[in-house]
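See structure below.
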Protein chains: 2
Amino acid sequence: MRSSRVAGQPRYAVVAQALTEDILSGRYSVGAILPSEHALCTQFDISRHTTREALRRLQALGLVTRRAGVGTQVKSNHIAQRYVQVGDTISDLYQYAKDMVLNVLEMTDIEADADAAALLGCSKGQAWSKLRGVRVTDGGDEVVALMDAYIARTYRGVLGDIDGADLPIWSLIESRYGVVPAEVRQQISATTLSRAEAENLSAREGDPALRITRHYLTEALDVYEVAISLYPAERFTYSNTLRIEHLASVS
Amino acid sequence: MRSSRVAGQPRYAVVAQALTEDILSGRYSVGAILPSEHALCTQFDISRHTTREALRRLQALGLVTRRAGVGTQVKSNHIAQRYVQVGDTISDLYQYAKDMVLNVLEMTDIEADADAAALLGCSKGQAWSKLRGVRVTDGGDEVVALMDAYIARTYRGVLGDIDGADLPIWSLIESRYGVVPAEVRQQISATTLSRAEAENLSAREGDPALRITRHYLTEALDVYEVAISLYPAERFTYSNTLRIEHLASVS
DNA sequence: CTGTTACGAATGTCCGGACAATTTGTCCAC
DNA sequence: GTGGACAAATTGTCCGGACATTCGTAACAG
């Protein structure tokens, strides 16, 4: 018996709603395989086309992934907000280094002690390369930021490419190793410059500054780069524009 | 005559690729209406189902919008990077006010002078309501932020709801007027507290603080709320996690 | 001139069927 | 055991058709 059509609700929406609830409530846990298209067709007494439309919605919501030969797998048990980054100012998440050059001051290989392990989110003793440098404007006449970066030892090879580069480090890693950032965690806080920091930045002690810490993670959620940048307030404002994507609700 | 199938390329991908190039190159400008599904079916000699699959891809890339009775309209002439916000910390873009209460200090109606017009991105003389308040923790024992907000006079009605609210103002406007933010522009900068600011925040003069300015815009890109918040550094770090969406390329 | 109605055009919602491509696992030969 | 051939299950790619819903506009009525 065909399930009766609810007023104003397309059939695929009914199915999508039901499956969404099952996923959000945990009846299907993350990693579980949903019933096959054929099974859903039988269960809801709808055509395969309609079933696929329903599953397409779940996919658009980021709840499931689909693979031929495998099935429909639950990817996430909550619906995340989606943003589209617009504009291309110097300070955009991925473009903040545009028109700037990175001059290396110091490079060392380290094994993470307790402090570093906490910062980097790794176990004690893990091997990293540490780098200290300044970002200067393309002409080289103004220091914009002081940066400490930690790079997983695996990608040590980029160290040679960094001095004088006008690209972010993660981008150098990408072109050399093919590692793309899949997730970026950032913390932005306010601070005042210490004597030593002010010296490197040709600013005054006590001046306000923005401290931006970014963790770059691979698809497998391994941290492979951490960058901590210090931007004197008068030379830098972090700004971005986010456009909210209007996701078609399943209901 | 049916267009021959390129090796490894589904038919819909060929169509999607062709249309994408036409949009990116500007042959179809933003706002233009693409040929109808029927026309594309004839042009490429494919079924309507295949045509719709191609257009679905363009939609997923954010290049077009589709409306029944109208057609497929070009929305953007470039492919933007997509981020998905994950996590739900206190400082997430839309959740930063969680577990906090807003206490109003002062409310006034203003007409924008030159300074205000520049800040709000409106013409001089436009009518706004200005509000000064502090965000305190739920228990009320700690001041977390000092906030100046400007609300378009049209939504003046929310002013009565604000004192003591534990929601962001835009959220109050949404529930009362049905206005949803479609775009948010934010600037984050570092500063040090002035004497007066420190007093309101029970902090010390010269302490570092984060100044976050947010413009909330409607779908039509009208600014309807501007919030400027001052967070003493030791009580607040702005942090968020962005997951990069792997958009299926059309090719 | 203004408000209403009617029509056409476009996308949205469904159904049916067929074959291709991908993946996983089983079974057999070596 | 190990490797390869094979089969089964699953999603992906296409085709055809039918009717519903939405929206702009043109014709019409007042």
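Here is the naming used below: chain letters follow the sequence lines, and residue numbers restart at 1 for every chain.
Across every non-hydrogen atom of B:S76 and B:G62, the tightest pair is CB-O, 3.8 Å. Of all heavy-atom pairs spanning A:R153 and A:I110, the tightest one is NH2-O, 3.0 Å.
Taking atom NE2 on A:H49 and atom P on D:dT11, their separation rounds to 16 Å, with Å as the unit. Here the P atom of nucleotide C:dA9 and the CG atom of B:L40 are 17 Å apart, to the nearest Å. Summarising the geometry, the separation between NE2 on A:H38 and C1' on C:dG17 is reported as 14 Å, rounded to the nearest angstrom. Remark: C1' of C:dC14 and CD of A:Q9 are 15 Å apart, rounded to the nearest angstrom. Atom CD1 of A:I33 and atom P of D:dA8 are 21 Å apart (whole Å). The separation between A:L34 atom CG and D:dA9 atom P is 19 Å, rounded to whole Å. Separating the CD atom of B:E53 from the P atom of D:dG16 is a distance of 16 Å, rounded to the nearest angstrom. Taking atom OH of B:Y12 as the reference point, atom P of D:dC14 lies 7 Å away to the nearest angstrom.
When distances run from any side-chain atom of A:T50 to the nucleotides D:dC14, C:dC14, D:dT11, the shortest one goes to C:dC14. When distances are taken from the side chain of A:R57 to each of D:dT11, C:dT13, C:dC14, the shortest belongs to C:dT13. Distance from the side chain of A:R52 is smallest to D:dT13 among D:dC15, D:dT13, C:dT11. Listed nucleotides: D:dC15, C:dT11, D:dT11. Nearest to the side chain of B:R48: C:dT11.
Applying the ring pair (Phe, Tyr, Trp, His ring centres under 6.0 Å) rule to B:H49 yields the partners A:H49; only residues at least two apart in sequence or on another chain are considered.
Among pairs with a residue in residues 147-167 of chain B, those fulfilling ring-ring contact (aromatic ring centres under 6.0 Å, His included) read B:Y155-B:Y177, B:Y155-B:Y224, at least two apart in sequence or across chains.
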Inset, instruction - Check the pair A:I33, A:V70 against side-chain contact (heavy atoms from CB on, under 4.5 Å), reporting the backbone distance first and the verdict last. - result: CA-CA 8 Å; A:I33 302 288; A:V70 179; 4.2 Å; yes

Legend entry - Verdict with reasoning, B:E37 to B:R66, per salt bridge (charged side-chain N to carboxylate O under 4.0 Å, His left out): CA-CA 11 Å; B:E37 294 179 357; B:R66 290 156 60 67; 2.6 Å; yes

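A salt bridge does not link A:E174 with A:R176: every distance from a Lys NZ or Arg NE/NH1/NH2 to an Asp or Glu carboxylate oxygen is 4.0 Å or more.
Only A:A68, A:G69, A:V70, listed by number, bring a heavy atom of residues 62-73 of chain A to less than 4.0 angstrom from any atom of DNA chain C.
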